[in-house]
Protein chains: 4
Amino acid sequence: MKALVYHGPGKKAWEEKPRPKIQDDTDAIVRVVKTTICGTDLHIMKGDVPTVEDGRTLGHEGIGIIDEAGKAVKNFKKGDHVLISCITSCWRCDSCKKGMYSHCEYGGWVLGNKIDGTQAEYVRIPFADTSLYHAPKGVNEDALVMLSDIFPTGFECGVLNGQVKPGDTVAIVGAGPIGLAALLTAKFYSPSEIIVIDIDEQRLKAAKKLGATQTIKSGNGKAVDKVMELTDNRGVDVAIEAVGMPATFEICESIVAPGGHIANIGVFGEPVDLHLEKLWSQNITITTRLVDTVTTPMLLKSVEAGTLHPEQLITHHFRLNDIVKAYDTFSRAKEEKALKVVLENR
Amino acid sequence: MKALVYHGPGKKAWEEKPRPKIQDDTDAIVRVVKTTICGTDLHIMKGDVPTVEDGRTLGHEGIGIIDEAGKAVKNFKKGDHVLISCITSCWRCDSCKKGMYSHCEYGGWVLGNKIDGTQAEYVRIPFADTSLYHAPKGVNEDALVMLSDIFPTGFECGVLNGQVKPGDTVAIVGAGPIGLAALLTAKFYSPSEIIVIDIDEQRLKAAKKLGATQTIKSGNGKAVDKVMELTDNRGVDVAIEAVGMPATFEICESIVAPGGHIANIGVFGEPVDLHLEKLWSQNITITTRLVDTVTTPMLLKSVEAGTLHPEQLITHHFRLNDIVKAYDTFSRAKEEKALKVVLENR
Amino acid sequence: MKALVYHGPGKKAWEEKPRPKIQDDTDAIVRVVKTTICGTDLHIMKGDVPTVEDGRTLGHEGIGIIDEAGKAVKNFKKGDHVLISCITSCWRCDSCKKGMYSHCEYGGWVLGNKIDGTQAEYVRIPFADTSLYHAPKGVNEDALVMLSDIFPTGFECGVLNGQVKPGDTVAIVGAGPIGLAALLTAKFYSPSEIIVIDIDEQRLKAAKKLGATQTIKSGNGKAVDKVMELTDNRGVDVAIEAVGMPATFEICESIVAPGGHIANIGVFGEPVDLHLEKLWSQNITITTRLVDTVTTPMLLKSVEAGTLHPEQLITHHFRLNDIVKAYDTFSRAKEEKALKVVLENR
Amino acid sequence: MKALVYHGPGKKAWEEKPRPKIQDDTDAIVRVVKTTICGTDLHIMKGDVPTVEDGRTLGHEGIGIIDEAGKAVKNFKKGDHVLISCITSCWRCDSCKKGMYSHCEYGGWVLGNKIDGTQAEYVRIPFADTSLYHAPKGVNEDALVMLSDIFPTGFECGVLNGQVKPGDTVAIVGAGPIGLAALLTAKFYSPSEIIVIDIDEQRLKAAKKLGATQTIKSGNGKAVDKVMELTDNRGVDVAIEAVGMPATFEICESIVAPGGHIANIGVFGEPVDLHLEKLWSQNITITTRLVDTVTTPMLLKSVEAGTLHPEQLITHHFRLNDIVKAYDTFSRAKEEKALKVVLENR
């Protein structure tokens, strides 16, 4: 079969590889139907994720058809249409029992990281019973593939951890795909205001179209002032960080109202200044989280019911064969006005 | 009457002052029976709290007898035995309605800060109906005076915000009065382990006596390693910061387990490094809070029922007349083996 | 002034009465601008509410203008445009401090019950600071008057107590004004399905228009079967009772899924059979509640933001002078296709 | 091997049966070391549980040693010392993923019910990885066997569902083993008062010894009055029903304070009157639950830490061979002053 294989920083190839095999009775082999590229894949390509070794097939998102199910797999059989979770859950370790699948002792984020991933014609999924989900009938496949990672991430780390409530004023710092997934799922809870902040006008336009009530162009040192102005100097109830840089985290610290929440989604490579000299008395809550994908069933029901349309974030489609070109497009997201690109294995 | 008056950094005097008068119909004048000195008072004396002006009577803790009640006061009448809350709550602003009295628009921490406080023979309490509590009959007065500030602070900012649960492993960094109040109220929830960390052997002994299951002497760079050793390298479910220094906050960051809580109580004068490069994926929650004293009724019931003995933290008693001497003792807490000092107005 | 006065079962008159006066410094006198009639008023007219005495002015909903504010009132002054809460809250009793204003020791539901109410040109509001709300600028007055009672009731007793979540299947039994207020506020949380059950086709049509995904005509003994059919025999996550009769409560018992919620809003005059022989093992939660109106600020923000349109429930407008006619219309709701009637004091 | 086998209402025998065999790769065979008899076993013997067929080995509680582990079992190996949960959890169905193991599609309460149970020398445990727990080293085996059912039941259905908080007044109706397990675990949350109600003086004495602050002998129609008297007519914050009869449930309805909780543990054979004509406006919460055993890890940690001593409920010890005699003793609990009997397989 063909797969997108990492060969060290900056090097990747769409190349022939053996089709994966069942290694454990709880595994399933899935023929990939659609997959996508994540910002994390670009980080990997820069060499920023040391657990990814030369020869690894990338990708942790996808939908497909069960091609083979291990003997101990009970929820799925050959031919089933499935959503692949970016998080692999063993269901028997302490973390899984607490619903913190991200910290699963035997799984967690392994696809396209510690084991071969979904940017290939076939992928092996360990603990298939608890790491795959049945695709609801009649659901748009483009919508589904967005539920592997980006929507549970925006929803769990941003919206649920931020405890968005009806009537709230929410700020989302960063209007990339994750920030916009947070925006779409924040709307589940009917906040009064959703202020989106980004340096890219194009992404702010997308945010507006998807339901932001206000957008603020940042990068000029004035974002904090504008938020305070928009909120009569009260600040926001929930600030969602969807960038992963000290400057954007500090915006969140500056705009959160007393009693408010900072919900971090961003992947950080360095520490940030936590201004406890101001915040110690402000009754705030800061949360961090690697997505657990515990809300996947809830998101599937919402897509099925039509209360969520994740496919709205897709800007480009490619054939899986053209994945190298898709990486190129996605890596020049601003220029290409790209949010999410979908790869189809036809 | 006599009062302990602040006259600028380093200067204070026990001096004659006019007895306070009712200024608003919702005020009450309380004759102070017992008061105490808080670590914050020492900060004020250093000039660290700019809202405190020359001429201010210090003190925000105390119990007493209603001497006069404004016309609009309905819960209290002359002669009632009361607990004074360190936080004044108007109950009609948005913050009060949310239970965030600390951020009351017309009150909050004002006693001994923006208005004259409790280290005096008489004190004026604004919004008496919602800022005073009836002293339960038969309750030890020493226990009560500990409920003005220190116990709600340790409980709300440390224990409740930290979400201590039965079976948890809790670490408390700082075994001063506030840390020990957190220790005693953490026991409300029956955690399995309470590890207390401090640089002072004497305070660790006190912690042990009050229920710490383990104590660790810090200051030698090994506290983190010892906690990890005691927890089989898992870290703690809840880390309570009760010091207010970057080094102790960073201990909390290093020992919190995935899914765990850092509950800050400490008053900070400078930023700390938040190690998001490690913590972004650790599913942790960090909270800050200025005490709201919303749990005062719960704490009063616990003291009345004998499930909490706040007087255990009292090491010294003085007559109110001797408050200057008491400040001296309290400011040399280590040497004097002092935790809380109680001043009695006899 | 004129007022709608109760004179015993079946007897009422729009008659001259003295304008109310400030009785306590915390009172305000409000000139009523709009009011409405509640199902409870019809119960009172039947003689079902023994606390209502001959001579009482009815009505517990309304908006108006402050005509006079007692000396201790601080949030409001003459000329302010206000929403009147159906629940009077003293803010200083234990229940108020817990946010359970419905059980306020000195207030609760008193308007148009134990003291004169809002179906008059003027009304006295005790504890004005905590029982009135500023009308947001530019908000539709018809929307506002729906927030006195019906929307907090549907929302707090039905939706919040029922813990409606994104993706949930919700059933609302009873499509009267309260049931429809529950429907509109359930949508705050983006459930997948909202099934509305009633005996009146007209009201089911209204429900459909307001967002019900399914409607079921009841009264034929088949409602339970139809719900089970619509839910693949799983039952519903949340069943909201908005009628107040044993038969409708038992529908809720029969359709609630394991782990689900029955949120009662209905006013009951007799006991119901609780089928613990089936439900003891079903992990369900049943809640009751007299509205506390603690969510009024949240609802005001939602109306202001345009995420809630309470005026959708209004079917009829009358001049306040014509209130007797309005009662007549409202009491023949089915025939008149009436939901809420608004009375305007012009 | 030998097993206690049910042969229809009133008929049981300690008889020879084949040792169970692995049927599925996720099974384990456990050599039973200790087991106990549950009130439910007595119900079964009366013929009240139709799912139990002639030939079934009874028992759903126990500790033992892994004798054989199926190929897919990963957490356990031959020789491991284990606690058997009364609830079997597959961990891959929707209910298990929600933490509602009691309603597991492939498990739930099956041991000694739909499949052979633990009152035997060996027992087959399906889904061993998620239905067994490692026994902590050094823990009293008598304490452990109480964690199979009775302690998670009292804790989850009574204490957690009742939301017991520090300072609360709790009433427990029924001082049998389950009610006393609720008592011991209610103490985890430091309530101010725990009032225990029963008709048996002996059991009330036991309750007092285990920490009840008040006991009330019922059966004379005066229990409600006494509770109201003890609570200054306020009623209780939490009423835990641990009997399963209409009369005792109605006591709970009569004593619950506004805003309070009724947490049902009792197994009911008939409906009860729910007095909504009184309770509709009382802001109460009623919960039901079949134990999920999700708190078993928390309880194990508490036993290990010495904050819980479940063995306090054991009154009798027998050899497993003498189980028929043990049934006899347990069925005459009052006369024999029996709470829990432990059977040891030596």
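Sequence lines set the chain letters: A, B, ... in the order given, protein chains first and strands last, and positions in each chain run from 1. Note that the coordinates shown come from a computational prediction; the quantities given were computed from them, not determined experimentally.
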Min side-chain heavy-atom separation L274(B)-D273(A) under 4.5 Å: no
Over 12 non-hydrogen atoms of neighbours within 6.0 angstrom of CD1 in I199(A): no
Donor-acceptor contact below 3.5 Å, side chain H103(B) vs main chain G259(A): no
More than 12 heavy atoms of other groups within 6.0 Å of K114(B) NZ: no
More than 12 heavy atoms from other groups under 6.0 Å of CD1 on I115(B): yes
Heavy-atom side-chain proximity of I286(A) to T285(B) below 4.5 angstrom: no
D48(B), CG atom: more than 12 neighbouring heavy atoms under 6.0 Å: yes
Side-chain heavy-atom pair D292(A), N283(B) within 4.5 angstrom cut-off: yes
Heavy-atom proximity to chain A below 4.5 Å, by part of Q282(B): both
Options L276(B), V291(B), T287(B), L279(B), ranked by heavy-atom pairs under 4.5 Å with chain A, top entry: L276(B)
Exercise: identify the closest heavy-atom pair between M100(B) and P258(A): CE-O, 3.6 Å
Interface residue of largest heavy-atom contact number with chain B, from K278(A), E241(A), H275(A), under 4.5 Å: H275(A)
Side-chain touch W280(B)/L290(A), heavy atoms, less than 4.5 angstrom: yes
